[in-house]
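Beneath this line is the structure, given in structure tokens, with notes to follow.
Below, read A as the first sequence line, B as the second, and so on, with proteins coming before strands; counting in each chain starts at 1.
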Amino acid sequence: MATLKDFRGDQPTWCPGCGHFSVMSSLQKAAVDLGIEPHEMGVISGIGCSGKISEYTRAYGFHTLHGRALPVAQGAALGNKDVKIIASGGDGDGYGIGIGHFIHAVRRNIDITYLVMDNHIYGLTKGQTSPTSSQGFISKTSPKGSSEQPIQPLETALVNGISFLAQGFSGNIKQLNELVKAAIQHKGFALVNVFSPCVTFNKVNTYDFYKENLIDIGAIEGYDVNNRGKVIEKIRETNGLLTGILYQEEKATFEELTPEFPEASIAKQNLHLDVNVLKAIEKQFQ
Amino acid sequence: MATLKDFRGDQPTWCPGCGHFSVMSSLQKAAVDLGIEPHEMGVISGIGCSGKISEYTRAYGFHTLHGRALPVAQGAALGNKDVKIIASGGDGDGYGIGIGHFIHAVRRNIDITYLVMDNHIYGLTKGQTSPTSSQGFISKTSPKGSSEQPIQPLETALVNGISFLAQGFSGNIKQLNELVKAAIQHKGFALVNVFSPCVTFNKVNTYDFYKENLIDIGAIEGYDVNNRGKVIEKIRETNGLLTGILYQEEKATFEELTPEFPEASIAKQNLHLDVNVLKAIEKQFQ
Amino acid sequence: MKDEVVWKVGGQQGEGIDSTGEIFSLALARKGYYISSNKHFASRIKGGYTHYQIRVTKDAAYYHGDYTDILLALDQETVDNNKETMRKGGIILRDMKEELIEQTEYITNLNLPLTQIAEEIGGKIVRNMVALGVSAALIGLDQDLFDSIIEDKFYKKGDTVISMNKNAVRAGYQKAKACLIEGKLTFPALKTPDVVTSKNLMIGNEAVGFGALAGGCRFLSAYPITPASEVMEWLKKELPGVGGTVVQAEDEIAGITMAIGAAFSGVRAMTSTSGPGLSLKTESLGLAGISETPIVIMNTQRGGPGTGLPTKYEQSDLNTMINAGHGEIPRIVLAPSTVEEAFYMTAQAFNYAEKYQCPVIIAMDLYLSLFKQTVNKFDFSSISIDRGKLLSDNEVEKNNERFFLRYEISEDGISNRSIPGQKGGVHTANSNEHGETGHISEETTTRIDMMKKRLGKLAALSDPGFDAEGEKEADILLIGFGSTYGVIQEAKKELEKNRQQVTHVHIKRLTPFDTSLIDYLKKAKQVIVIENNYTGQLRRLIQMECNTGTQINSILKYDGNPFTLKEVIEEIDIILNKEAV
Amino acid sequence: MKDEVVWKVGGQQGEGIDSTGEIFSLALARKGYYISSNKHFASRIKGGYTHYQIRVTKDAAYYHGDYTDILLALDQETVDNNKETMRKGGIILRDMKEELIEQTEYITNLNLPLTQIAEEIGGKIVRNMVALGVSAALIGLDQDLFDSIIEDKFYKKGDTVISMNKNAVRAGYQKAKACLIEGKLTFPALKTPDVVTSKNLMIGNEAVGFGALAGGCRFLSAYPITPASEVMEWLKKELPGVGGTVVQAEDEIAGITMAIGAAFSGVRAMTSTSGPGLSLKTESLGLAGISETPIVIMNTQRGGPGTGLPTKYEQSDLNTMINAGHGEIPRIVLAPSTVEEAFYMTAQAFNYAEKYQCPVIIAMDLYLSLFKQTVNKFDFSSISIDRGKLLSDNEVEKNNERFFLRYEISEDGISNRSIPGQKGGVHTANSNEHGETGHISEETTTRIDMMKKRLGKLAALSDPGFDAEGEKEADILLIGFGSTYGVIQEAKKELEKNRQQVTHVHIKRLTPFDTSLIDYLKKAKQVIVIENNYTGQLRRLIQMECNTGTQINSILKYDGNPFTLKEVIEEIDIILNKEAV
Ligand SMILES: Cc1ncc(C[n+]2csc(CCOP(=O)(O)OP(=O)(O)O)c2C)c(N)n1
Ligand SMILES: Cc1ncc(C[n+]2csc(CCOP(=O)(O)OP(=O)(O)O)c2C)c(N)n1
Ligand code: SF4
Ligand code: SF4
Ligand SMILES: [Mg+2]
Ligand SMILES: [Mg+2]
């Protein structure tokens, strides 16, 4: 059985206090708790401070391009279904440049987990407005306040059929760990959106802000985690400031719905085909 | 005053019966009805059969790239706010490759109209599954049925704050004309999604199919066009098979929310600055 | 008797032009003839003039011909568009109530009541079958030429339909035969091939798909685009049967990055596209390069730039295939020159990709991709699968360091590779500069080592990068790449008739470039590069790579259509005469 | 007295290294000195070793120097990393409780209780001010050197803070002065500049932004990326003041396509990015090309490929800037070599874009983009705005055809341009091949005409494409582009000391390439191209464009850092000696 130590990769260079530390340790702890070995997991990240999770976690990693963690992750998951694939990145990475891949990944429902470290800012490029920054947010690229309404990733995911949706907070690592664990265990595309404060560039969406404003769904009477419509409503009502497993359902995955999807991992298929197999295929051209 | 004839551009080469004809004539008629002159309108389209609308409509046109009508249109609208900008394209163009731009355009809320000719298929490339094709849809790229849940453009637009949303049908050109007119008159980003059958490649989402299944919101008691939450619910209930102006609200545009956005069209600004203006700016470097 | 016949059917899109041409060529392929074809079509779905030209030859050929011997004109537009292309002795066959045989000195006008004959047999729908029967008779083949194809094509529709079609063929056949026998009409028959073995008839995109499958590809992710979609469509049908899968991606960036993900997981993976899609994949190409992930990208060139001429032919993506992408990566760009080569090269591309752990681009063009050609039955036993330094589970497990040295500095610049799931193989693949375990490094020494490793590793690729036919000391050295192969071959033959020493070099690998070409450049009297673009991209590539200072002439065409042999010969003459002055 | 001083401050990120360096250089710029600087920093937000090197010269220079004269070491790592770079007579200044002056034959170690002095005055926060005071004294300047900057910087914080800072400077100053006076320490003072006019101190990205503004740019859409973001950030502040606007786009594709939309509407528009972003913009570059929409793209090169070395310097995007994109388009790629030139060239880029109706790329690099340099005050009156064939409302209104001939075939290949809103100007801009009104056309003759028009129109661009200093008949011809300008200049001077005839050609326009370079290549005895990449992209470009067959040597560096003068000289020596054998 792997221990936490086994999952430790390179030495993190995140700023002290950065929310991303908690996301990383939640992932590592979830893997340990679930009895996953480092070589059975693939952590595929985009570019951003957040993207460095694949450097700092000891597992098969792929530190890809800005905005492209999801398609790489989907390809890797389809290639070898015996490996747990974790896609990961920031709000800019996933909801800015990467939002197209996000929506299509949601509706495709391939069996992966997606961890978004949502700090409402572009951290690595030193503090520009992000797609989740609130309207009026002041930054280097909106010195007089941003003019755009923030994107709504949770609702966007829900209306496009996501089968598992959770939201956590770096200030509540115990819960976060549980959410990540549940997401990994879920069959299909599972999103964990994490409020992960950037202590250096975002002075609005701070730990204190979230501590004051987050509502846990455990505290909401009659919250129905299987009722998509009601969940959307609740999110709208609370301005998205909810934590917990917000929505979950059993749903056929892309792999299950794809006719003749191979039983065994594609990576393990025999590539040396018998000449007769090839000749049979060739017949169509004659 | 311009007449319909003034808006006729190149000779269409769409297949006889193609739904796109109605979308084009609705646009042309709307322009005539609103007293817009061809030179006061810009039709900016993506690539697809649908994209050819900018060839067949006599107005300032820009036949751009596959999936990029929206950013080009937004740039053009910001550049000259005195011209009515119509962005246009297909379901593949707008909701497949272009979905990222779509969501960001929605939340940006620049004053343009977006007409999507949604035929649930890739027409111009001769019949592949599109992001709005229903699950199980049979096409060249899904010979045994598509494995993906279709994208939900209406709900996606609503949860991300769209200020005008309508849906029409090429088989009901009278209504379509009204919808396009209302969309053009709306201040902010206005989407008209049009069920525009591809008679050549889509044998499922036909005129008959829509005639049988579409519900007009006029026929729904108590339908509240200003209640975003309820509209989302209704769309979910009816599987999106609604027509009419589905949602509308007054909302500040990007231009209004952007500090110091120029009063006069940017295209008309004087480019020859006084040396003293430049010297004043230079001071910061000394 | 003739060595070849060029047959052409033309009419409006939607009139069955395609299927008529296909039945015709398949029948002849089954008889062992060689087929080269070319289509003309408009970028619209229905309507618009279209034609399908088929050159049938006794011996191998890769060019569809300048002239027409038999023109099956389904409307007047076809006659108008093609009458200038008729070769002496040719026949223009028209569907007319009034029968007419008019033999001029140059050609024969043959009007036959095809529709009427068809209607008598079963309806206008079999008109094209009647015309095929006429064609068979003219060419001097048997009246059962199309029988097996009719049976294959209509077996689901039952015997009535089958015999109706066969009857239509026979009716046309007998009509023409009668004319020939009566001597009202003359047309020399086509010689039979020396060896009668039936051939494959296929488009290049199918050859690429099939080559990929045979070469071990088990994953394709791509986005539809003309003229590349058939690769995805074909593999979508065929890959599941061999344990693979195809994903239609949401755009071209997802197309390539999913393939990169699959390749990372250990699958031989590919994406297929055309110019605009390739442009979108530019950044991700760099990802494959720096992360040393083996992937194959098929790019089939069409008329550029922008959306350009999506249904027209051009060879103008050379520069971008070789250069696109910020920074510097190792890449291999292969350019098949025939459909057959597209099959074998694609299979080989996967070996290269895994051996050198880098992206491999297969440079196709619309002509190669879309137009059916005959191909000798494949020699599948010649295809081997070499996975390079991909280690087995056992080998990886031997590692008991914390991290696997995925980017270990090695003599040949290529490192051992482990894949997710393998114990002992944990590492990070990276688009950032990295050290041997794959973790980010900004150390200058690491940077230097890694650059040398990545950019040096292709030095070992010593396979010849071009085919040369002829001597180095040539009067004329003709150079091309891709589908100009056939027409340059025939130009060489033409020129040799004038006793000129002509050498034809066809570039098969655009990068790494095989600079042994220098020898040819230095020794030839005249160097002429023939290509389908405006700026002379291949010529400029040769200048850059060979730096010989040799004066190189260009023959260029960029109007969306392939060269005719006549054009090539004329342009060569102009160049030779200019020099002579 | 000295002509120059190289001053360097080093420590951990977050210790105020940047602001210390900036105050120092601004103070000297105000005194009329020339400043060239260079920073070393890690790709992380907090922590990690960093330094800021500033070369102060009496005369213009564009290179930050190989050596250090004064090293302000805020920690031991700084000493370790830099002690090898100390120049004879230099001083290492350390913050130590124990005061110490240790003059070795080579350097002086000067430990002063900077923190203690600072704490006495107002806290550790002013420690760097104390150090600045020491520096001023050593260099031989006045103790009020920093006063005006302190006033500007802290004017919001009030008088107490201001005088605290001034006092800190003075305390340091006096401490050092005392040592100098007492003769415990020697350091020759810096000469004053011949003409004392205060200069601009700015980074290249600001120069690009300002050049754009002055050149009439009124719209920028871009996506953040190191090292390009400052262009967007600066224009976001400044464009609204002149009637323009900036949009932060959702990605780089939106960045360029919005700019294309704005340009279509008649606005001078721009996007700014670095390598990965440029790669993403590849397809849209083609859109601008075929639709003949004038846009300007700033690309600042960083370490590639992939994410590469995002905070390091490299010149490896040349190939892609020139070649990227399927099909063939006209494009202009300008390469400024100094911050000053970045300003003027950017302004000029907008004239080119509108005159030739094509995309113009400004090729910057991280060194030019990010490191502050002095720039003579701008000559704004030299900037003109030439909108080419953009017609006025009146001119357009004269057209009473149904469509405006936006793509009219003309002698120079450039057509009149109308913009939305103009009566009489209705047309369709198009990414498909099109006829004169802009509507789709697949006609072969139209295609040929349009290709000739687009690809021929830059023939008129006859402005010189490079700067040459020296004779054509040189012993050594040194060629470079971009920010190697400064170091090559100094290498030339060094070599000239040995009585060698050295010519320095600096390429300013990468495409269309100015082939009058051929003359230089043919006449020089030795040709050496100096560039920061692995494959010798500029050398290969020259081979392709000039095709002289000249043997060209490369001096390459690709470890993420600019050349030192020493490296350049050594490599040149190796080349010369090799030849001599
Ligand atoms: C194609 C491309 N565009 C832009 C960048 C520059 N870039 C690096 S990280 C980043 C944004 C990071 O923000 P986010 O994804 O929110 O992550 P965070 O740093 O906040 O964790 C950007 C714009 C890049 N590397 N590649
Ligand atoms: C970058 C790029 N990718 C792919 C294509 C090929 N392509 C042209 S149109 C089209 C899809 C058309 O479908 P849709 O947008 O639904 O329009 P429709 O033809 O159905 O009206 C595609 C994939 C292209 N032109 N450019
Ligand atoms: S800049 Fe922000 S997001 Fe990045 S490491 Fe620092 S605190 Fe974390
Ligand atoms: S293919 Fe379909 S979408 Fe295209 S023109 Fe024909 S009917 Fe319309
Ligand atoms: Mg972020
Ligand atoms: Mg469609």
Interchain contact, [X] with chain D, by part (heavy-atom threshold 4.5 Å):
X	result
B:D82	neither
B:E37	neither
B:F62	both
B:I103	neither
B:S45	neither
B:F254	side chain
B:L78	side chain
B:P71	both
B:A59	backbone
B:Q269	side chain
B:I85	neither

Item checked: Chi angles and distances behind the side chain to side chain donor-acceptor pair (under 3.5 Å) call for B:Y95, B:N193 -> CA-CA 11 Å; B:Y95 305 144; B:N193 192 66; 2.6 Å; yes
Margin query: I'd like to know whether NZ of B:K126 has more than 12 heavy-atom contacts from other residues, nucleotides or ligands below 6.0 angstrom.
Written below: no
Check: Is it true that atom NZ of D:K423 has more than 12 heavy atoms of other residues, nucleotides or ligands lying nearer than 6.0 Å?
Finding: no
Next item on the list: Report the C-alpha separation of D:Q357 and D:R417 in whole Å, then their side-chain angles, then the decisive distance to 0.1 Å, and conclude whether the side chain to side chain donor-acceptor pair (under 3.5 Å) test is met.
Entry: CA-CA 9 Å; D:Q357 300 181 7; D:R417 207 172 135 226; 5.6 Å; no
Note to self: If we define contacts as heavy-atom pairs under 4.5 Å, which of D:S418, D:A263, D:A249, D:G438 has the most with chain B?
What the structure shows: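 That would be D:S418.
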Notebook entry, point to check: Cut-off 3.5 Å, side chains only: do B:T57 and B:Q28 have a donor facing an acceptor?
Noted result: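 B:T57 vs B:Q28: donor-acceptor pair found between side chains.
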Next item on the list: State which residues pass salt bridge (charged side-chain N to carboxylate O under 4.0 Å, His left out) with B:R68; sequence neighbours excluded, sorted by chain then number.
Entry: none
